[in-house]
Colleague: 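One structure coming up, written as C-alpha cells, with questions to follow.
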Amino acid sequence: MFTIGGGYAMIPLIESEVVDKKKWIDRQTLLDLMAVAQSCPGIFAVNISIFIGYKLQGVKGALVSTLGTAAPSLLCILLIAMFFHEFQEVPWVAATFAGIRPAVVALMAIPTFNMMKQAEISLLNCWIPIVSALLIWGLGVNPIYIILAAGIGGYVYGLFLKPSE
C-alpha cells in the first residue's frame, strides 16, 4: 500500500519490520538478500519477499510472502487503472502526480545511501556504481554485462586481493 516508487521504496519498511521488529534476519543477511534480489529477474520486492519467506517457512512461506507483497499493490494499481482515464486531466490530480515524483526520488535515494553504508562503499570504491550507472545510462551498455563484470571483479578481489581477516 505504501510503495509509491516501487520495491526500492519498500526497503526501509522491509528493514524495519523484518530486521528491527521481528528480528527474522540480521542486517547483513538483508543486504545479501537485496543483492541477490536485484540480480534476479522480476520485481525486486517480490524477489526479496520470496527469499525471506523461503528462509523462514520454506516453499509455503515463499508463496504466502509473495502473495502478501504483490496483492496490495496489484489491487491498488487495478483500481487506479480502472478510473485514471476519467480524471487524469483534472488539474489537481495532474499536480498531485507531479508533486509525488520528487518524493519518489527521495524514497529511492535513502535506501540506496543506507545500502552504501552497510555495504561499506567508501570514497575509495564509490567509483564502481558511478561508472556502472554511466555505462548503462550514457553508453547503453547492457546491465547484464555490468553484473557479470562486477561478479567476476568481486570474485577476483576476494580470491587474490582482499587482505585476509
Colleague: Give, for atom CD1 of I52 and atom OG1 of T69, the distance between the pair rounded to the nearest 0.5 Å.
Modeller: 8.5 Å
Colleague: If two hydrophobic side chains count as joined below 4.5 Å and joins carry through other members, does W24 share a cluster with I11?
Modeller: yes
Colleague: How long is the straight-line distance from OG of S65 back to CG of L56, given to the nearest 0.5 Å?
Modeller: 8.5 Å
Colleague: Output, in order, the C-alpha distance, side-chain angles, deciding distance and verdict of side-chain contact (heavy atoms from CB on, under 4.5 Å) for V18 and R27.
Modeller: CA-CA 9 Å; V18 173; R27 287 195 197 309; over 6 Å; no
Colleague: How about Q57: does its CD atom have over 12 heavy atoms from other parts shown lying under 6.0 Å from it?
Modeller: no
Colleague: Who are the side-chain hydrogen bond (donor to acceptor under 3.5 Å, both in side chains) partners of T29, not counting sequence neighbours?
Modeller: D26
Colleague: Do V93 and I80 belong to the same hydrophobic cluster, where Ile, Leu, Val, Met, Phe, Trp and Tyr are linked whenever their side-chain heavy atoms lie under 4.5 Å apart, directly or via other members?
Modeller: yes
Colleague: Identify, with sequence neighbours excluded, every residue that meets side chain to side chain contact (heavy atoms under 4.5 Å, CB included) alongside I130.
Modeller: C126, L134
Colleague: To the nearest 0.5 Å, tell me how far I147 CD1 sits from N142 CG.
Modeller: 8.5 Å
Colleague: Side-chain heavy atoms under 4.5 Å apart, restricted to Ile/Leu/Val/Met/Phe/Trp/Tyr: what other residues fall into the cluster of L148, or is it alone?
Modeller: I144
Colleague: Would you check if C40 and F51 make a side-chain contact, meaning some heavy-atom pair closer than 4.5 Å?
Modeller: yes
Colleague: Give me the other members of the hydrophobic cluster that I146 sits in, counting Ile, Leu, Val, Met, Phe, Trp and Tyr linked by side-chain heavy atoms under 4.5 Å, directly or via other members.
Modeller: W127, I128, V131, L135, I136, L139, V141, Y145
Colleague: At what distance, to the nearest 0.5 angstrom, does NZ of K23 lie from CD of E17?
Modeller: 11.5 Å
Colleague: Do F83 and I77 share a hydrophobic cluster, counting only Ile, Leu, Val, Met, Phe, Trp and Tyr and linking them when any side-chain heavy atoms are less than 4.5 Å apart?
Modeller: no
Colleague: Looking only at non-hydrogen atoms, find the nearest pair between P41 and N47 and report the distance.
Modeller: O-ND2, 3.4 Å
Colleague: Quick one: side-chain hydrogen bond (donor to acceptor under 3.5 Å, both in side chains) partners of Q28, sequence neighbours excluded?
Modeller: D32
Colleague: Do L31 and V36 sit in one hydrophobic cluster, given that two such residues count as connected whenever their side-chain heavy atoms are within less than 4.5 Å of each other, even indirectly?
Modeller: yes
Colleague: Hydrophobic side-chain clustering at under 4.5 Å (ILVMFWY, transitive links): who's grouped with Y54? Put none if nobody.
Modeller: V59, L63
Colleague: Quick check: do F44 and M34 have side-chain heavy atoms less than 4.5 Å from each other?
Modeller: yes
Colleague: Nearest 0.5 Å, please: how far is CD1 in I50 from CD1 in I43?
Modeller: 9.0 Å
Colleague: From I25 CD1 over to E15 CD, what is the distance, rounded to the nearest 0.5 angstrom?
Modeller: 9.5 Å
Colleague: Between I48 and L30, is there a side-chain heavy-atom distance shorter than 4.5 Å?
Modeller: yes
